[in-house]
Every structure is written in structure tokens, then in C-alpha cells.
Amino acid sequence: MTLDLARDLPAALTDRTTAWRLIADLAAFWGAPLRPGDGRTDAELDAAEARLGLRLPAALREAHRLIGNRPDLTSNHDTLLPPEELYTDQGCLVYRVENQSCAYWGIPLAALGQDDPPTVVWPDAADPEPTPWTARFSVECLAVVLTEPLLDEDAHVDAGEVDPADLADWTELPPLYEPGVDTRLFARPDALLAIQGGFWTAVRAVSEEVLEELCEALPVSWNNY
């Protein structure tokens with residue numbers, strides 16, 4: 001299928017129903033469409049609420065019902081916690097953990113009453129200070145599904161260092177993160193690329209042939225997964 005993220009992403013950043021549709025489109029774009037059973041059940045989410053003694057925001061419940069059983073979309077590097085592993089820390093509901101537990105993502109407990117609350121991130125440190133991450137949880141889900149599949153070593157992926165100035169044939173997507181988060185996303189009709197920290201790059205293509213073509217076109221020392 002074709003995917004026009006530059007066209008479709010802006011609306012998805014402001015409306016979570018549109019975000020869920022775009023996530024389904026992304027799964028299909030990578031050749032693994034969403035199917036029944038890819039999400040967690042209301043009973044599992046209700047059990048998490050009972051265990052935690054709090055109500056889960058609507059957006060979090062909807063996301064888990066949609067992709068809670070799709071680690072290929074959510075957990076190739078960092079882990080989207082399943083309902084039974086959600087917990088509270090630093091005044092937040094922790095929903096995601098960095099792969100070496102060096103950072104944590106959460107929803108402020110004070111914002112749990114919002115249907116689509118903001119998210120924060122903090123490091124594994126003695127006195128961590130949560131900082132803004134995304135304006136909405138649904139935007140965070142988009143960010144996860146746009147970046148985690150680029151790190152699926154069973155797919156057509158690679159990594160290296162790219163100068164954004166060399167991406168003239170790519171379209172930069174609207175920012176998903178709050179100011180201060182140094183991640184940029186670029187798209188082509190047949191590939192997606194993320195740059196973190198200015199130059200470190202992860203890329204995924206729809207086929208091995210496309211991946212080889214774009215790796216040859218960019219002056220990069222690729223890791224060749």
C-alpha cells in the first residue's frame with residue numbers, strides 16, 4: 001500500500017481517532033496489518049485499574065485494545081508495558097521503559113482524568129526530573145509506531161549516521177515531540193527514517209532492494225543489520 005505521512009500525520013496529531021487509523025495504516029504499510037487479537041482485552045485493562053487503584057485514560061485503553069499484543073510495532077528497542085506491568089513512580093503512571101532501564105515514560109497522575117493526557121520522560125537517576133515528552137498519549141503512540149519498527153532486526157532496516165542536509169529526496173514530517181526532544185522523522189513513499197541526537201539514524205524500507213538503493217545513495221557508514 002501507499003502511505004502519505006506528510007499529508008495524514010498533522011490531523012492524527014490532534015485527533016486520537018485519526019491517530020488510531022494512521023497506526024493501522026502504518027502496520028499495513030510494513031506488510032503486517034492489524035488483526036483481531038492484536039490488542040489487549042477490556043478485562044485485562046479493568047484488572048490493571050483494580051490493581052493500581054486508578055482509572056486508565058481513555059487513550060491508553062484504546063491503544064492497548066488496538067496494539068497491545070504487537071511488540072513488532074511497539075517494543076523492538078524500548079518496551080511498551082502490558083497492562084499487568086503498569087506501575088506508578090515519580091508521580092506518574094509508567095507505561096514504557098527504555099531497554100536497559102535507563103529512562104522511563106509516564107503520564108502524570110494529575111493528568112489521568114484527561115481522555116488523552118500529556119506524557120513525560122525521566123532518566124534513571126537519583127533525583128529524576130520528569131520533562132515533557134508529547135502533548136498527548138495518542139501522539140506518543142504514533143511516535144512509538146513510527147520509530148520502533150525501524151529497529152526490528154527481522155525487517156529491512158539499517159542504522160548509521162546521516163547528515164539531515166543529505167536528505168533532499170525525503171520529506172521531513174511534522175514534529176511529534178515537545179520542544180527539547182531531539183528526534184526528527186523523514187519519509188519517502190517506500191521508506192521511513194528517524195534521526196536522533198542530530199545524526200544517529202535508523203531506517204526501514206519496504207524491501208531489501210529499496211534498502212540497498214537508499215543506503216547506497218546516502219554517504220553513510222551503515223551498521224548493516
Side-chain angles (χ1 to χ4, degrees), residues 1 3-5 8-49 51-52 55-87 92-99 103-107 112 114-121 133-157 173-174 176-177 183 185 187 192 194 202 204 206:
M1 68 169 291
L3 188 67
D4 191 339
L5 286 170
D8 297 337
L9 184 57
L13 296 179
T14 60
D15 178 76
R16 72 178 190 273
T17 300
T18 305
W20 306 147
R21 287 199 297 266
L22 185 53
I23 284 173
D25 288 345
L26 281 160
F29 179 70
W30 295 127
L34 298 183
R35 302 184 186 282
D38 283 354
R40 306 303 292 260
T41 66
D42 280 321
E44 291 171 306
L45 293 160
D46 292 344
E49 289 185 335
R51 174 177 58 83
L52 293 164
R55 293 295 300 275
L56 300 176
L60 187 147
R61 292 183 66 102
E62 290 165 3
H64 276 279
R65 288 202 300 261
L66 185 69
I67 54 173
N69 284 325
R70 286 295 300 267
D72 59 312
L73 297 175
T74 66
S75 302
N76 291 297
H77 186 266
D78 306 321
T79 300
L80 184 70
L81 297 179
E84 61 271 19
E85 294 181 19
L86 296 171
Y87 67 97
C92 297
L93 174 66
V94 182
Y95 64 83
R96 189 179 179 213
V97 178
E98 196 268 343
N99 72 329
Y104 307 88
W105 290 265
I107 299 170
L112 289 183
Q114 300 179 33
D115 285 345
D116 200 359
T119 68
V120 295
V121 64
W133 183 249
T134 63
R136 298 173 181 80
F137 183 78
S138 60
V139 174
E140 162 69 326
C141 292
L142 279 168
V144 167
V145 175
L146 283 165
T147 56
E148 285 290 329
L150 310 188
L151 301 166
D152 182 352
E153 295 184 13
D154 293 326
H156 307 299
V157 300
L173 301 179
L176 283 79
Y177 305 96
T183 297
L185 293 168
L192 187 62
R204 178 168 175 173
V206 296

Between [X] and [Y], is any pair of side-chain heavy atoms under 4.5 Å apart?
{"X": "Leu151", "Y": "Val157", "answer": "no"}
{"X": "Leu185", "Y": "Thr147", "answer": "yes"}
{"X": "Leu146", "Y": "Leu176", "answer": "yes"}
{"X": "Leu5", "Y": "Leu26", "answer": "yes"}
{"X": "Pro57", "Y": "Asp115", "answer": "no"}
{"X": "Val144", "Y": "Leu80", "answer": "no"}
{"X": "Trp105", "Y": "Val121", "answer": "yes"}

Salt bridge (charged side-chain N to carboxylate O under 4.0 Å, His left out) partners of residues 136-147, not counting sequence neighbours, each pair once: Arg96-Glu140

Hey, could you give me each pair passing salt bridge (charged side-chain N to carboxylate O under 4.0 Å, His left out) that has a residue in residues 16-36? Not counting sequence neighbours. Arg16-Glu62

Can you list the residues that meet the salt bridge (charged side-chain N to carboxylate O under 4.0 Å, His left out) rule with [X], with sequence neighbours excluded?
{"X": "Arg40", "value": "Glu44, Glu84"}
{"X": "Asp152", "value": "none"}
{"X": "Glu49", "value": "Arg55, Arg61"}
{"X": "Asp116", "value": "none"}

Main-chain N/O of [Y] paired to [X] side chain as donor or acceptor, under 3.5 Å:
{"X": "Asp78", "Y": "Asn99", "result": "yes"}
{"X": "Arg51", "Y": "Pro83", "result": "yes"}
{"X": "Thr134", "Y": "Val139", "result": "no"}
{"X": "Asp38", "Y": "Asn69", "result": "no"}

Once side chain to side chain donor-acceptor pair (under 3.5 Å) is applied, do any residues pair with Asn76, and if so which ones, sequence neighbours excluded? none

Applying side chain to side chain contact (heavy atoms under 4.5 Å, CB included), name anything that partners [X], two or more places apart in sequence or on another chain.
{"X": "Pro10", "value": "Pro174"}
{"X": "Gln114", "value": "Ala111, Pro117, Pro118"}
{"X": "Ala28", "value": "Met1, Pro33"}
{"X": "Ala32", "value": "Arg70, Asp72"}

In this structure, is the centre-to-centre distance between the rings of Tyr95 and Phe137 below 6.0 Å? yes

Quick check for you: to the nearest 0.5 Å, what is the distance between [X] atom [atom1] and [Y] atom [atom2]?
{"X": "Leu93", "Y": "Tyr87", "atom1": "CG", "atom2": "OH", "result": "10.0 Å"}
{"X": "Ser138", "Y": "Leu22", "atom1": "OG", "atom2": "CG", "result": "11.0 Å"}
{"X": "Thr119", "Y": "Leu60", "atom1": "OG1", "atom2": "CG", "result": "11.0 Å"}

By ring pair (Phe, Tyr, Trp, His ring centres under 6.0 Å), which residues pair with Tyr177, not counting sequence neighbours? Trp133

Candidate pair Trp30 and Leu150, rule side-chain contact (heavy atoms from CB on, under 4.5 Å), full reasoning: CA-CA 10 Å; Trp30 295 127; Leu150 310 188; 4.3 Å; yes

For Ala187 and Leu192 the tightest heavy-atom approach is CB-CD1, 4.0 Å

Determine whether Trp20 and Cys141 satisfy the following criterion, side-chain contact (heavy atoms from CB on, under 4.5 Å), listing intermediate values before the conclusion. CA-CA 9 Å; Trp20 306 147; Cys141 292; 3.8 Å; yes

Please lay out, stage by stage, how Arg65 and Leu45 fare under the test side-chain contact (heavy atoms from CB on, under 4.5 Å). CA-CA 9 Å; Arg65 288 202 300 261; Leu45 293 160; 3.7 Å; yes

